[in-house]
A.B. asks: 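Before we start, here is the structure in question, set down as structure tokens.
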Amino acid sequence: MTVSDPLVDGHGRQITDLRVSVTDRCNFRCQYCMPAAGLPWLERAEVLSFEEVTRLVSVLAGMGVHDVRLTGGEPLVRRDFPRLVAMLAAVEGVRDLAITTNGFLLERDAGALIEAAAKGGVGRVRFNVSVDSLQRERFHELTRRDALDQVLRGLDALAEFPQAHPIKINAVALRGFSEAEVPAFVELARNSVFEVRFIEFMPLDADRAWTSEQVLTGAELHALIDALHPLEPLVREPSATARVYRFADGQGRIGFINPVSEPFCSDCNRIRLTADGRLRTCLFSLNETDLRTPLRAGADDSELALLIRQAVWRKELKHHIGEAGFIQPDRTMSAIGG
Ligand code: SAM
Ligand code: SF4
């Protein structure tokens, strides 16, 4: 086994996708993610430096982990974040760089982020912008921030850059809330450059208030949308999380990410690195592998690669949401990096 052999888990899945949480902090307090008062943040010294993140990404990229998504918390609140984007874009083996953001700071940062990626040698950055409501009051209620206008300005700023297209908007689907958002999101998907995707609510909320009754499934949303404007399925890539449809009249597309009602674990090619340097092999992992301690103790690349390989070998076969005995992890989505 060499440092550059592919990274494979004990169930035969090859890992090619890494989600890096660059901070646990956030400027929103979405009800399905964080408590109103926030969470106890990591100390600065606990958070990986840009150099440390880049080192781990280099080791992983050497093992075939070509796709890197930066998330958080809110990645754009991390000071000097574009510098990290430039550093990661320059890592040999990183082919695809993506950012998941709530969009609040995009008006300020869109240009700097795209420029940073280009400087590092990656011409195109993919963005997922999370927007759960297109109505100001309801957006405020759900995110606990009166920020819809700011986020929409951020989306417009991003749309100015052809290198950022196609731009995806992700909306968490909550029963009793999201049904009323459907017509506006359909109009947006049909009449703008943005591709809208609904994601099922998962038990990763800080308030531990998740119940299966609150999950508005992708199938239910599909039926609601199809009744407004008929949909036709598009071919899905094996490891893609979203089921994407186009409107039958050719005007726009819309997607559904259904981790609860239609788990895609058997095709999962993802692992996650938390802001404090823990490797997580599943969103719902109950165990983590500390990479920060060996990294700071001077481990060389082959030692880090071995630790990663051993952790990945034990990657969970599947999540057990909805099954008896399911245990919600201690970390919330904001502290894992969604
Ligand atoms: N702050 C950024 C954002 O909101 O896009 C990045 C981090 S956030 C944790 C990443 C994604 O996870 C967002 O699209 C958010 O809506 C989603 N998310 C958070 N909590 C969730 C939950 N309990 N179930 C499903 N998705 C969730
Ligand atoms: Fe912050 Fe994103 Fe969680 Fe909302 S979903 S609280 S924006 S980390």
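Atoms within each ligand, like the ligands themselves, are counted from 1 in listed order.
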A.B. asks: Counting only heavy atoms and a distance below 4.0 Å, can you name the residues contacting ligand 2?
C.D. replies: Cys26, Phe28, Cys30, Tyr32, Cys33, Met34, Gly73, Asn102, Ser334
A.B. asks: Decide yes or no on salt bridge (charged side-chain N to carboxylate O under 4.0 Å, His left out) for Lys168 and Glu195, but give the supporting numbers first.
C.D. replies: CA-CA 5 Å; Lys168 294 181 180 131; Glu195 182 179 314; 5.0 Å; no
A.B. asks: Output yes when a side-chain donor or acceptor of Glu179 lies under 3.5 Å from a complementary backbone atom of Phe177, and no otherwise.
C.D. replies: yes
A.B. asks: Would one find an N or O of Ser130, backbone or side chain, under 3.5 Å from an N or O of ligand 1?
C.D. replies: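 Looking only at distances, the answer is yes, because the N/O contact criterion of under 3.5 Å is met.
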A.B. asks: Quick one: do Asp146 and Arg136 satisfy salt bridge (charged side-chain N to carboxylate O under 4.0 Å, His left out)? Show the steps, please.
C.D. replies: CA-CA 7 Å; Asp146 185 8; Arg136 181 178 160 191; 2.7 Å; yes
A.B. asks: Answer yes or no for Gly73: is there a heavy-atom contact with ligand 1 below 4.0 Å?
C.D. replies: yes
A.B. asks: Would you mind listing which atoms of ligand 1 come within a distance below 4.0 Å of any non-hydrogen atom of Thr71?
C.D. replies: 6 (C), 7 (C)
A.B. asks: Could you tell me, atom by atom, which parts of ligand 1 come under 4.0 Å of a heavy atom of Gly72?
C.D. replies: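 Those atoms are 7 (C), 9 (C).
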A.B. asks: Between Thr100 and ligand 1, find which residue part has any heavy-atom pair under 4.0 Å and reply side chain, backbone, both or neither.
C.D. replies: both
A.B. asks: Is the side chain of Arg78 donor-acceptor paired with the backbone N or O of Thr23 at a distance under 3.5 Å, no angle test?
C.D. replies: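 Answer holds: no.
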A.B. asks: Ile199 versus ligand 1: do any nitrogen or oxygen atoms come within less than 3.5 Å of each other?
C.D. replies: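 N/O-N/O distance under 3.5 Å: no.
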A.B. asks: Assess Arg190 against Phe247: is NZ or CZ under 6.0 Å from the centre of the six-membered ring, and within 45 degrees of the ring's axis?
C.D. replies: yes
A.B. asks: Considering only NZ, NE, NH1 and NH2 on the basic side and carboxylate oxygens on the acidic side, decide whether Glu51 and Arg83 come within less than 4.0 Å.
C.D. replies: yes
A.B. asks: Find all atoms of ligand 1 within a distance of less than 4.0 Å from any non-hydrogen atom belonging to Val172, and give their numbers and elements.
C.D. replies: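 Answer for ligand 1: 16 (O), 26 (N), 27 (C).
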A.B. asks: Please report the C-alpha distance between Gln214 and Thr211 in whole Å, then the side-chain angles of each, then the deciding distance to 0.1 Å, and finally whether the side chain to side chain donor-acceptor pair (under 3.5 Å) criterion is met.
C.D. replies: CA-CA 6 Å; Gln214 290 168 284; Thr211 59; 3.1 Å; yes
A.B. asks: Say whether, by atom type as modelled, one donor and one acceptor occur between the side chain of Arg272 and the main chain of Ile336 under 3.5 angstrom.
C.D. replies: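 Absent.
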A.B. asks: Can you tell which of Tyr32, Phe201, Phe28 gets a heavy atom nearest to atom 15 (C) of ligand 1?
C.D. replies: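 The residue whose heavy atom sits nearest atom 15 (C) of ligand 1 is Tyr32.
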A.B. asks: Check this for me: does any side-chain nitrogen of one of Asp96 and Arg69 sit under 4.0 Å from a carboxylate oxygen of the other?
C.D. replies: no
A.B. asks: Show the atoms of ligand 1 that are less than 4.0 angstrom away from any heavy atom in Met202.
C.D. replies: 22 (C), 23 (N), 24 (N), 25 (C)
A.B. asks: Within the structure, does Glu74 bring an N/O atom to less than 3.5 angstrom of an N/O atom in ligand 1?
C.D. replies: yes
A.B. asks: Would Tyr245 and Asp226 count as having a side-chain donor-acceptor pair, cut-off 3.5 Å?
C.D. replies: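 Note: Tyr245 and Asp226 side chains miss the donor-acceptor criterion.
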A.B. asks: N/O to N/O below 3.5 Å, does that happen between Thr101 and ligand 1?
C.D. replies: yes
